[in-house]
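Below is one structure, written out as structure tokens; comments come after it.
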Amino acid sequence: MRTTDYLLATQKESPAEAEVISHKLMLRAGLVRKLASGLYTWLPTGLRVLNKVAAIVRDEMNKAGAIEISMPVVQPADLWQESKRWEAYGPELLRIKDRHERDFVLGPTHEEVVTALVKNEVSSYKQLPLNLYQIQTKFRDEVRPRFGIMRSREFIMKDAYSFHLGEESLEQTYQRMHQAYCNIFERIGLEFRPVIADSGSIGGAVSHEFHVLADSGEDDIAFSDTSDYAANIELAEAVCLDTRASASADISKVATPEASSISDVAAMLSVAATQCIKTLIVDADESCDHPFVAIVLRGDHQLNEIKAEKHPLVASPLTFADEAKVSAHLSCKFGSIGPVALPLPVLVDRSAAACSDFVCGANEDGFHYIGVNWERDVADFEIVDARNVVAGDASPDGKGTLQIRKGIEVGHIFQLGDKYSKAMNCGVLTESGKHEVLKMGCYGIGVTRIVAAAIEQNHDQHGIKWPPAIAPFQVAIIPMNMHKSHRIMETALKLYADFLAENVEVLFDDRKERPGVMFNDMELIGIPHSIVIGERNLDNQQVEYKNRLTGEKTLINIDEVIAFVTNQ
RNA sequence: CGGUGAGUGGCGCAGCUUGGUAGCGCACUUGGUUUGGGUCCAAGGGGUCGUAGGUUCGAAUCCUAUCUCACCGACCA
């Protein structure tokens, strides 16, 4: 490709709207342009990258035995009513009407459509297992699109759905997809981690997320420093190896006026936050005899809402209780609540349960207890896992300690079980002639998000440093002052033709620009290899090779250029 | 949805307080100049100042309404 025949669209300044580095660079390098909030046009350079990512995903899916199909973006509402997600999905599901006033949705995902398809097309156990996938546009009406294409409303997703008779077959395909995902991210060249995850609203039991590690990531992931244990912090089990010391102090009430937060109380009483416990009040599940439930954590720990709301006594979704209502019920404010003689169900985190002689609220404004001990002073409580793990915690698999890093979620795989197949009665006849509902798995990859994540992980002050597997071009030819020198033009044209003949993706910068402009643009776009042609080196029949990733520069003979670059 | 801020040529911004013929940098066009890291000089093209209404002799500027966008939060692939 010649730059004069191309839409380069690079910019010196990034638009004010861009906050994260990948968003800025995608705009500056001319990869995308915003049309409206969360909606982007892909320019030629961006589309080249996107297509490369999609090609790798497609290839690995095919190798893993999945079969490509293409389903409509616009889907009839009755399918969604059948699966109950017409109500459950909420405002993120964009609903539209056609000219006959019939309801439709723009598909945010395709479980309904694919299940309806399989229900109609597959009727025998002999056709199973079956794994269908597509690479296609999704629409989710996000509350707040942000970070450019990282969280856009319209995006491209690879979504696969597998169908099975029995858990064992599902487990096999799930493992095969897990491996395929690892292959995909390795081939693209990203530093990633598969982590145990919460299955959220999609449903099902077993689930893994694939995260690209980057400081700008929105998720915290915890992983062991010695084993391969890794989990989203939402799900990482907090183990407590400490055993509770026996009580050595008597309980007594002390005045703590104006002190309500843990840091206030700890400072006033000159104790460590780890010696204090905090009591959070959340709404109780309807089945509970009490209006609220108390969750007790050690002073330095944070509540994990995902874990807490799974407890049968806790309302789902987890809701912090209204302070006025709690005050009316307990006759004290949030900052003074404690588990001693508390007329509510008490759930105690494992680490808080290992405390002895601790400090807690006295259920009376302006007072705390000190020297409190479980069992002796608080008779009725249940020990649960309810906090976020922190760096340094023991790994749940018993090997090593946990570290925490930020990740960008680029893939998510689920064992769905029969959630959708049961609701839509999708089954086959078994060998014995009985109708049996199928088990399902689903496997998603955010193809557009991978592009942004790759930039987050691979850039410097000059611009993008594409992993070669997804670079828009492999080689840039930068001739200096070509319009003034016949031999430079001849050399450039020859190299360009030679690269094309070798099927190397080459961008020939034939603009009448100063060298600095060309260098800056090619580095901004992040082309891995550059060939710089100048008068100086041409005297020795040489050109300069530059590597974008390593910064390496070497002189090479003109007749060795093609071989040298194709070797890289 | 709550909070904060912003809408002025393609991009980045000034002008608004104190109303008086719309400006700067980048980009673009033409000519010259320069040529191994975003040259320099000159001339030029391009803007209903988000939209609607109001006040006024006169509104980018003041008032009202409304739309859009971004960031933080809540929410969520």
Side-chain angles (χ1 to χ4, degrees), chain A residues 7-20 23-24 27-28 30 33-39 88-93 107-109 111 138-159 197-202 207 209-211 217-219 232 234 305-306 317-320 407-414 442-450 452-453 461-463 478-485 488 509 511-524 530-538 542-544 546 553 555:
Chain A
L7 184 59
L8 209 51
T10 54
Q11 296 180 323
K12 273 191 190 177
E13 290 175 292
S14 54
E17 70 195 39
E19 203 63 19
V20 295
H23 190 193
K24 287 181 184 170
L27 293 168
R28 283 194 55 210
R33 287 292 182 264
K34 188 178 74 173
L35 178 64
S37 181
L39 302 173
Y89 215 95
E92 215 173 289
L93 181 64
T109 172
E111 279 85 3
K138 296 279 182 281
F139 192 94
R140 294 184 187 175
D141 201 358
E142 292 281 348
V143 187
R144 180 149 95 80
R146 63 183 125 176
F147 306 145
I149 63 149
M150 192 85 86
R151 181 177 296 276
S152 53
R153 294 196 291 175
E154 187 177 300
F155 59 98
I156 294 175
M157 182 170 171
K158 186 285 298 171
D159 47 325
D198 184 56
S199 50
S201 62
I202 302 278
S207 158
E209 292 169 341
F210 289 77
H211 283 265
E218 292 188 85
D219 288 332
N232 192 304
E234 290 174 345
E305 300 187 17
I306 305 274
L318 183 130
T319 319
F320 284 101
I408 300 166
E409 186 189 341
V410 289
H412 201 161
I413 59 178
F414 303 81
C442 82
Y443 319 91
I445 287 183
V447 177
T448 37
R449 188 180 279 183
I450 285 176
Q461 71 270 29
H462 301 296
I478 306 177
M480 281 182 298
N481 304 309
M482 182 170 73
H483 59 287
K484 285 254 179 103
S485 162
I488 287 177
D509 199 347
R511 293 176 296 174
K512 190 180 168 185
E513 285 288 357
R514 293 170 56 83
V517 173
M518 296 199 247
F519 291 145
N520 281 314
D521 273 347
M522 295 305 121
E523 280 165 17
L524 175 61
S530 293
I531 303 295
V532 183
I533 307 168
E535 284 286 352
R536 247 173 16 205
N537 298 319
L538 226 44
Q542 285 182 320
V543 294
E544 183 182 284
K546 291 204 303 188
K553 292 184 186 180
L555 292 175

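A note on names: the letters A, B, ... follow the listed sequences, proteins ahead of strands, and every chain is numbered from 1.
Remark: the separation of the C1' atoms in B/G25 and B/U17 is 25 Å, to the nearest Å. B/G10 and B/G46 have their C1' atoms separated by 10 Å, with the value rounded to a whole Å. Here the separation of B/A22 from B/U51, taken at their P atoms, is 15 Å to the nearest Å.
Taking atom NZ of A/Lys24 as the reference point, atom P of B/C11 lies 18 Å away to the nearest angstrom. B/C75 atom P lies 13 Å from atom CD of A/Glu92, rounded to whole Å. Rounded to a whole Å, the CD atom of A/Glu218 is 9 Å from the P atom of B/C72. In this structure, CZ of A/Arg146 is placed 9 Å from C1' of B/C76, rounded to the nearest angstrom. Rounded to a whole Å, the NZ atom of A/Lys34 is 12 Å from the C1' atom of B/C71.
Note on A/Ser37: a side-chain N or O is less than 4.0 Å away from OP1 or OP2 of B/A70.
Heavy atoms of A/Phe147 sit under 4.0 angstrom from primed sugar atoms or phosphate atoms, though from no base atom. A/Arg28 comes within contact range of at least one nucleobase, with a heavy-atom separation under 4.0 Å.
Distance from the side chain of A/Lys12 is smallest for B/G38 among the nucleotides B/G38, B/A70, B/C72.
Across all strands shown, B/A65 forms a Watson-Crick or G-U wobble pair with B/U51, both key distances being under 3.5 Å.
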Just by protein heavy atoms under 4.0 Å, how would nucleotides 32-37 of chain B read 5' to 3' in B, S and -?
--BBBB
